[in-house]
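I have placed the structure first, in the form of structure tokens, so that the comments after it can refer back to it.
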Amino acid sequence: MNYSRFYLFQIQFLGYRYHGWLQHREMKTVQGMINKTCAFIFGHQQFKTLGCSRTDAKVSAEQYVFELFCHEQLEKQTAIKLFNQNLPNDIRVLDIEETNQTFNLIQAVEQKEYRYLFAHGIKNHPFAASTVMSIDEPLDIELMQRGCALFVGEHNFRRYCAEPTPGKNYIRHVEHCSIERNTFYHADFFPNQTWFFNVIAKGFLRYQVRLMMGQLIALGKGKITLDELKKTLEGESEIPVREIAPSSGLILFKVKLKINKP
């Protein structure tokens, strides 16, 4: 179908009750909810949405971008208000910007930043389950920070892919990787001290961030050494690493785009 209008939507969502971004007939997804809202607002199905990235079930987003292809002319502030009135409370539209037919969202992504919230040495309040992963055992944060440095740069992340297949390119360049104190999300039911794993790259393999976080947790618990972590980046084995962090602590924090305006 040929469309005459093209819009970029910036949204936030809490992913805890969704099975990721991508629409699925039998599961509740963020894209499914967006499409349902578009159909209600427009009164028809003559539109299409395309997300900047797939996300796993229960993964949240501080900033997510999708493109809307349609025939409707949208006035920015009116449309933001209308969508937010009709979307569920765990999805919010932040901004809408018109683009053009030549714009390619997937190619426009220059950088993705993920943050993984966690606390250690304490059992979290149940209300924090959707946002902060609870690790009962104490972790060696300083050692984990040293482990982060091993991920920075260009490496073979074959072992950090859920389903490695022959011929696939597993080389990824990690621009930044760190563990820092959380100072941006607060709640009365959060532990007194929370942390976040921060990683930035142009793109990631499926489950890569959660597998990286899982290995850092194993390092912090003393289950693996820095040398063993380093060997996982040499790409000699096709067997994925075993430690994978739960999805509910993961947040797509920021997406940087190169945008050509109409």
Side-chain angles (χ1 to χ4, degrees), residues 11-18 20 53 55-64 89-92 94 111-153 160 174-201 204 207-230 232-233 241-256:
I11 64 172
Q12 294 173 323
F13 60 82
L14 179 65
Y16 198 66
R17 71 187 186 104
Y18 296 102
S53 176
T55 58
D56 298 338
K58 297 187 178 182
V59 172
S60 299
E62 177 71 23
Q63 182 214 21
Y64 186 92
N89 289 334
D90 49 12
I91 303 175
R92 179 170 70 159
L94 299 175
Q111 190 182 79
K112 294 177 183 177
E113 177 179 354
Y114 280 93
R115 297 188 177 187
Y116 195 105
L117 285 170
F118 68 97
H120 67 104
I122 189 173
K123 179 71 172 181
N124 289 354
H125 191 293
F127 290 0
S130 64
T131 313
V132 182
M133 185 181 68
S134 176
I135 304 167
D136 292 349
E137 301 174 49
L139 300 175
D140 186 337
I141 297 295
E142 183 179 354
L143 183 61
M144 293 170 69
Q145 290 169 332
R146 291 168 62 192
C148 284
L150 299 178
F151 288 120
V152 176
Y160 291 84
V174 172
E175 300 174 28
H176 173 85
C177 188
S178 64
I179 288 180
E180 305 169 36
R181 291 180 184 272
N182 168 37
T183 59
F184 53 95
Y185 291 124
H186 305 276
D188 290 342
F189 49 80
F190 275 17
N192 291 333
Q193 183 171 282
T194 55
W195 301 81
F196 69 92
F197 167 54
N198 186 208
V199 60
I200 301 173
F204 297 90
Y207 296 165
Q208 180 183 336
V209 177
R210 290 170 57 198
L211 286 164
M212 291 169 70
M213 181 64 192
Q215 284 297 98
L216 290 172
I217 293 171
L219 180 67
K221 289 180 177 180
K223 296 172 67 174
I224 63 171
T225 66
L226 283 172
D227 284 342
E228 289 172 324
L229 176 61
K230 187 176 182 179
T232 65
L233 297 169
V241 294
R242 295 182 177 182
E243 305 286 346
I244 183 168
S247 55
S248 57
L250 185 58
I251 300 167
L252 177 54
F253 191 77
K254 188 175 183 180
V255 179
K256 182 181 178 181

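- For the side chain to side chain contact (heavy atoms under 4.5 Å, CB included) test, residues two or more places apart in sequence or in another chain that qualify with D90 are L14, R17, Y18, P88.
- One finds the CG atom of L117 at 4.5 Å from the CD1 atom of I251 (value rounded to the nearest 0.5 Å).
- With hydrogens and angles disregarded, no donor-acceptor distance shorter than 3.5 Å links the side chain of T131 to the backbone of A128.
- Put simply, CD on E62 and CG on L94 are 7.5 Å apart, with the number rounded to the nearest 0.5 Å.
- Legend: residues meeting ring-ring contact (aromatic ring centres under 6.0 Å, His included) with Y207, ordered by chain and number and at least two apart, are absent.
- Among residues at least two apart or in separate chains, salt bridge (charged side-chain N to carboxylate O under 4.0 Å, His left out) pairs with a member in residues 128-137 are E137-K221.
- Residues V152 and E175 share a closest heavy-atom pair of CG1-O, 4.2 Å.
- With S134 contributing its side chain and I122 its backbone, the two residues share a donor-acceptor pair below 3.5 Å.
- For the side chain to side chain contact (heavy atoms under 4.5 Å, CB included) test, residues two or more places apart in sequence or in another chain that qualify with K256 are E110, Q111.
- Across all non-hydrogen atoms, the minimal contact from F204 to K112 is CE1-O, 3.8 Å.
- A search for ring-ring contact (aromatic ring centres under 6.0 Å, His included) contacts involving F151 returns Y160, not counting sequence neighbours.
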Show which side-chain atoms of residues 190-201 pair as donor or acceptor with protein atoms under 3.5 Å away, not counting sequence neighbours.
residue, atom, partner, partner atom, Å
Q193, OE1, R181, NH1, 2.3
T194, OG1, N182, ND2, 2.8
N198, ND2, E113, OE2, 3.0
N198, ND2, Y114, O, 3.2

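- Legend: residues meeting side chain to side chain contact (heavy atoms under 4.5 Å, CB included) with L226, ordered by chain and number and at least two apart, are L143, R146, L150, L219.
- For residues 208-217, the pairs satisfying salt bridge (charged side-chain N to carboxylate O under 4.0 Å, His left out) are D56-R210, with sequence neighbours left out.
- Atoms CD and NZ, on Q63 and K254 in that order, are 7.0 Å from each other to the nearest 0.5 Å.
- To the nearest 0.5 Å, atom OG1 of residue T232 and atom CZ of residue R242 are 14.0 Å apart.
- Rounding to the nearest 0.5 Å places CG of N124 at 9.5 Å from CE of M133.
- Residues Y116 and P246 are in side-chain contact: their nearest non-hydrogen atoms beyond the backbone lie under 4.5 Å apart.
- For the pair G15 and S60, the tightest heavy-atom approach, listed with the atom from each and the gap, is N-OG, 2.9 Å.
- Checked against side chain to side chain donor-acceptor pair (under 3.5 Å), Y16 has no partners two or more places apart in sequence or in another chain.
- When all heavy atoms of G147 and L216 are compared, the closest pair comes out as C-CD2, 3.9 Å.
- With respect to L229, the side-chain contact (heavy atoms from CB on, under 4.5 Å) criterion is satisfied by exactly one of M212, M144, Q215: Q215.
- Shortest non-hydrogen contact noted between L139 and I217 is CD2-O, 4.0 Å.
- Annotation: side chain to side chain donor-acceptor pair (under 3.5 Å) contacts of S178 (sequence neighbours excluded): H176, E180.
- Under the side chain to side chain contact (heavy atoms under 4.5 Å, CB included) criterion, F127 pairs with H125, F189, sequence neighbours left out.
- For the atom pair CG (L250) and NZ (K58), the distance works out to 13.5 Å, reported to the nearest 0.5 Å.
- A cation-pi arrangement is absent between R115 and Y185 under the rule of less than 6.0 angstrom and at most 45 degrees off the ring axis.
- Partners of E243 under the salt bridge (Lys or Arg N to Asp or Glu O under 4.0 Å) rule, at least two apart in sequence or in another chain, are K223.
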